[in-house]
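Contents: one structure, followed by commentary.
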Amino acid sequence: MLYLQVFTFNGFQENTYVLWDDTKEAVIIDPGCSDRQEREELTEFISDEGLKVVKLLNTHAHIDHVLGNAFVKRTYGVPYYLHPLDVPVLKSVAVRAPSYRIFDYEEAEPDAWLEEGVPVTFGDTTLEVLHVPGHAPGHVAFINRESNLCISGDVLFHGSIGRWDFPGCNFDDLISSIKHKLFTLDDEMEVFPGHGPATTIGRERLENPYVGQNGQYA
Ligand SMILES: [Zn+2]
Ligand SMILES: [Zn+2]
């Protein structure tokens with residue numbers, strides 16, 4: 001059995017996910033905690049549940065998804081996993097942070113690389129890694145087939161898709177990632193995005209105004 005907790009953190013309203021199973025081993029995906037209160041909310045939840053955090057994973061390295069990386073890595077002494085194509089994105093965060101009035105950003109160095117087809121494991125759980133570029137060059141989604149769950153980052157949202165107007169974005173890649181990768185998943189698969197509420201593959205395949213069956217880019 002897989003369990004999931006979402007926290008919505010920082011000024012970008014980013015969704016941080018904690019995933020764990022019956023062994024109590026856990027991974028933290030995209031920790032966006034950016035101040036003391038948010039950091040305490042995360043660590044208190046983890047200690048209240050008695051979880052053992054074993055890995056830190058990023059779907060991609062945009063600023064809103066990495067603000068808590070250094071804190072999580074240091075607090076739990078865990079390795080940080082990123083797709084290598086997002087290293088330039090990660091490196092640009094320190095340069096851009098002051099323009100968002102973030103002055104205390106601390107960069108964490110990746111310890112291991114994510115790669116499509118190479119699963120990430122914790123406890124008794126296996127997460128498949130899908131490379132879904134377009135919103136960011138090294139963007140990945142994490143899939144668990146047993147629980148029919150997908151952590152989609154900023155690729156596919158409830159009723160929307162990821163932005164394609166940042167440096168490093170590619171519109172054609174984004175549409176292709178959704179149509180040829182995410183939309184091959186089960187209709188019933190629950191999608192937990194980087195912003196906003198959860199959805200399902202089936203709902204977005206039907207109703208998404210960009211990539212759904214009657215969508216603008218269908
Ligand atoms: Zn993003
Ligand atoms: Zn985001």
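When a ligand or atom number is given, it counts from 1 through the structure's own listing order. When reading the values below, keep in mind they use all heavy atoms of this one structure, side chains included, and skip hydrogens, waters and symmetry mates.
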**Glu14 N/O/S atom closer than 2.8 Å to the Zn ion (ligand 2)** =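 No, since none of the N, O or S atoms of Glu14 sits under 2.8 Å from the Zn ion (ligand 2).
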**Message:** With a cut-off of 2.8 Å, does His195 put an N/O/S atom close enough to the Zn ion (ligand 2)?
**Reply:**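 Yes - counting backbone and side chain alike, His195 has an N, O or S atom under 2.8 Å.
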**Message:** For the CG atom of Asn214 and the CG atom of Leu206, what is their distance to the nearest 0.5 Å?
**Reply:** 9.0 Å
**Asked** So, Glu107 and Lys73, do they make that salt bridge, N to O below 4.0 Å?
**Response** no
**Asked** Which value, rounded to 10°, describes the NE2(His65)-the Zn ion (ligand 2)-OD2(Asp64) angle?
**Response** 100°
**Asked** Does any N or O in the side chain of Asn144 come within less than 3.5 Å of the main-chain N or O of Leu127, such that one atom is a donor and the other an acceptor?
**Response**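 Pair absent, no side-chain N/O of Asn144 close to backbone of Leu127.
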**ring pair (Phe, Tyr, Trp, His ring centres under 6.0 Å) between Phe12 and Tyr100, worked out** = CA-CA 10 Å; Phe12 302 93; Tyr100 293 106; 5.3 Å; yes
**Asked** If you look at Asp154, which of its N/O/S atoms is nearest to the Zn ion (ligand 1)?
**Response** OD2
**Message:** Looking only at the side chains, is there a donor atom on one of Thr16 and Glu14 sitting less than 3.5 Å from an acceptor on the other?
**Reply:**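 Side chains of Thr16 and Glu14: pair found under 3.5 Å.
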**Request:** Rounded to the nearest 10 degrees, what's the angle NE2 of His60 makes with ND1 of His62 at the Zn ion (ligand 1)? Could you check?
**Result:** 90°
